[in-house]
2 protein chains.
Amino acid sequence: MPKQVDYESRRRRIAEAVCLLADEHGPEGVSMRDVAARAQVSLGAVQRCFRSKGEMLLFAVEYVGDRVTERVRARLAASPAQSAATALGHAADEIALLREEHRAEARIWLAFVAQAAVSEPLAGPLRTSYAALQNLLARLVTEAIGSGSADEGATPPDPQHEARTLLALADGLTTHVLLGHLTAEEAEEVLHAHLAGLWERLGAARR
Amino acid sequence: MPKQVDYESRRRRIAEAVCLLADEHGPEGVSMRDVAARAQVSLGAVQRCFRSKGEMLLFAVEYVGDRVTERVRARLAASPAQSAATALGHAADEIALLREEHRAEARIWLAFVAQAAVSEPLAGPLRTSYAALQNLLARLVTEAIGSGSADEGATPPDPQHEARTLLALADGLTTHVLLGHLTAEEAEEVLHAHLAGLWERLGAARR
DNA sequence: CCGAAAGCGATACGATCGTATTGGAATAAG
DNA sequence: CTTATTCCAATACGATCGTATCGCTTTCGG
């Protein structure tokens with residue numbers, strides 16, 4: 001058998017280039033040639049990795065989705081001993097992508113979301129990522145309920161419901177920061193205030 | 001003086017065409033030629049109305065922004081006698097663009113937002129629209145506080161803070177519905193639950 | 001050592017893009 | 001009616017896009 005290369009690593013490299021370009025010039029502003037140049041490979045090499053541009057974008061969106069969810073998971077694993085409340089806070093922070101160093105990732109995400117709203121094949125992987133994040137948040141809420149108060153007067157919050165709210169709020173805040181409608185500090189303040197409210201609702205008997 | 005046409009109405013017609021195409025093929029998927037065909041005018045006529053494509057898109061985004069905020073304002077004017085609480089609910093409903101008949105408008109909005117995240121000239125009008133909506137919501141919250149309880153124990157919520165939260169939540173929910181991650185019913189349920197929580201926070205002494 | 005096979009860089013191709021140009025139709029003032 | 005001016009449809013143009021094709025190089029089984 002003749003020459004063979006590590007396609008997996010090359011695909012990842014190309015996906016990185018797609019992200020860089022999508023961050024700079026928006027979605028649809030990435031061309032195969034620019035991608036090839038950014039990834040420091042020839043156009044032909046890109047074409048060998050992906051049958052078409054659509055296939056390349058699909059891989060890139062899955063790549064980004066995996067990276068975000070993995071980062072959230074890692075953040076949780078890094079601080080396992082703390083309370084469910086702070087864990088929720090950290091998770092929400094990571095999802096909201098508010099920090100300056102993740103601004104690019106947020107722009108890429110938004111670019112793909114907008115594209116996916118009119119392109120069904122792209123929407124699939126994004127839904128998968130969102131479902132993963134929502135389930136992760138819901139699990140944290142469940143833990144918070146369990147370790148929290150045993151108060152029986154108030155209606156117990158639905159973890160999936162709270163996770164949906166949190167995810168949508170984080171997403172909206174990220175968008176508003178990207179647009180410059182909110183500063184990162186304002187968004188963080190809103191997010192933390194919501195978390196504080198949620199925590200209070202979970203059960204006031206908390207120290 | 002020779003022939004003269006109503007440029008204002010033609011510009012609006014072209015903006016409508018831009019919206020229709022942005023809804024179908026996403027942002028950047030709208031070409032001058034397609035726009036001209038949709039608006040039933042020639043390419044030359046479009047070029048006379050707008051010096052460049054960017055100028056056309058800029059006009060279109062302002063047009064959409066005005067239409068959304070105007071619709072929210074109209075909805076409020078149509079039900080002036082009701083309580084501040086229901087007014088807030090209606091406003092949030094309109095902003096979230098969850099109903100099927102506004103799905104297209106939501107897609108267009110998302111398309112422009114994504115584009116604006118990497119194109120500063122487009123971001124300006126969007127920020128203006130968001131600021132208008134946030135102020136409108138904040139005003140409603142203020143009214144709700146005024147007409148609500150006079151309880152002094154709890155800390156009074158900051159109207160601007162609550163407006164920011166509401167706006168971001170509505171935006172995030174709209175996006176998730178467009179992607180198919182949430183159904184319109186789920187999103188509406190989340191939004192109403194948040195409003196209920198807010199209302200409760202404003203003061204429990206309410207009938 | 002050697003040919004078969006796979007990879008890759010270069011190039012070609014057709015389509016489509018935004019924009020510029022141009023020649024003639026339409027219109028209102030004199 | 002004449003004429004100057006505005007408008008517009010058609011067309012041209014150069015750039016860039018995604019994709020297809022084609023030799024040359026590289027590599028490994030035999």
Side-chain angles (χ1 to χ4, degrees), chain A residues 1-61 111-112 114-116 118-119 121-122, chain B residues 1-15 17-61 111-112 114-116 118-122:
Chain A
M1 298 282 276
K3 190 170 160 186
Q4 58 183 13
V5 306
D6 182 2
Y7 277 95
E8 210 52 37
S9 77
R10 202 208 294 283
R11 278 171 174 252
R12 274 197 295 270
R13 178 129 75 111
I14 291 175
E16 301 266 13
V18 170
C19 291
L20 286 177
L21 290 174
D23 173 34
E24 292 170 8
H25 312 106
E28 292 295 293
V30 303
S31 71
M32 302 284 283
R33 285 169 178 83
D34 289 350
V35 168
R38 272 300 184 118
Q40 307 219 57
V41 298
S42 76
L43 177 56
V46 177
Q47 288 185 287
R48 194 150 324 277
C49 276
F50 304 102
R51 239 182 302 273
S52 70
K53 183 183 182 180
E55 202 173 282
M56 180 184 74
L57 261 52
L58 201 64
F59 180 86
V61 67
F112 279 130
Q115 189 68 16
V118 291
S119 163
L122 238 51
Chain B
M1 298 281 275
K3 192 169 160 185
Q4 59 182 17
V5 305
D6 182 2
Y7 276 95
E8 211 52 38
S9 76
R10 204 210 294 282
R11 276 169 175 254
R12 273 196 295 271
R13 178 129 75 111
I14 291 174
V18 170
C19 291
L20 286 177
L21 290 173
D23 174 34
E24 292 170 7
H25 312 105
E28 292 294 294
V30 303
S31 72
M32 302 284 285
R33 285 167 177 84
D34 289 350
V35 167
R38 271 301 184 116
Q40 307 219 59
V41 298
S42 76
L43 177 56
V46 177
Q47 287 185 286
R48 193 150 319 276
C49 276
F50 304 102
R51 237 183 302 276
S52 71
K53 182 183 182 180
E55 203 173 281
M56 180 184 75
L57 261 52
L58 201 64
F59 181 86
V61 68
F112 279 130
Q115 189 68 16
V118 291
S119 163
E120 190 50 35
L122 238 51

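So that the names make sense, note that chain A is the first sequence line, chain B the second, and so on, each numbered from 1. Excluded from the calculations below are hydrogen atoms, water molecules and symmetry mates; all remaining heavy atoms, backbone and side chain alike, are included.
Between A:Ser31 and the phosphate of D:dT16, there is no side-chain N or O to OP1/OP2 separation shorter than 4.0 Å. Look at B:Arg10 and you'll find a side-chain N or O under 4.0 angstrom from OP1 or OP2 of D:dC8.
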For B:Leu43 and B:Val35, what are the C-alpha separation, side-chain angles and deciding distance, and is it a side-chain contact (heavy atoms from CB on, under 4.5 Å)?
CA-CA 8 Å; B:Leu43 177 56; B:Val35 167; over 6 Å; no
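Looking at residues 50-58 of chain A, you'll see A:Ser52, A:Lys53 sit with a heavy atom under 4.0 Å from some atom of DNA chain D. Within residues 36-46 of chain B, the residues having any heavy atom closer than 4.0 Å to DNA chain C are, in order of number, B:Leu43.
With C:dC17, C:dG7, D:dC17 as the candidates, the nucleotide lying closest to the side chain of B:Arg33 is C:dC17.
Each of A:Gly29 and A:Gln47 was matched to the nucleotide of DNA chain D holding its nearest heavy atom; the match closer to the 5' end belongs to A:Gly29.
Distance CZ/A:Phe50 to CE/A:Met32: 8.5 Å, rounded to 0.5 Å.
Although no hydrogens or angles enter the test, the distance criterion places no donor-acceptor pair under 3.5 Å between the side chain of B:Ser119 and the main chain of B:Ala116. A distance-only check finds a donor-acceptor pair linking the side chain of B:Glu55 to the backbone of B:Arg51 [under 3.5 Å].
Remark: B:Arg38 engages B:Glu24 in a salt bridge, criterion side-chain N to carboxylate O under 4.0 Å.
Between B:Val118 and A:His25, every side-chain heavy-atom pair lies at or beyond the 4.5 Å cut-off.
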Watson-Crick or G-U pairs under 3.5 Å in DNA chain D, rendered as dot-bracket with [ ] for crossing pairs and | for another strand
||||||||||||||||||||||||||||||
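One interatomic measurement links the two molecules: CG of B:Leu21 to P of C:dG18, which rounds to 11 Å at whole-angstrom precision.
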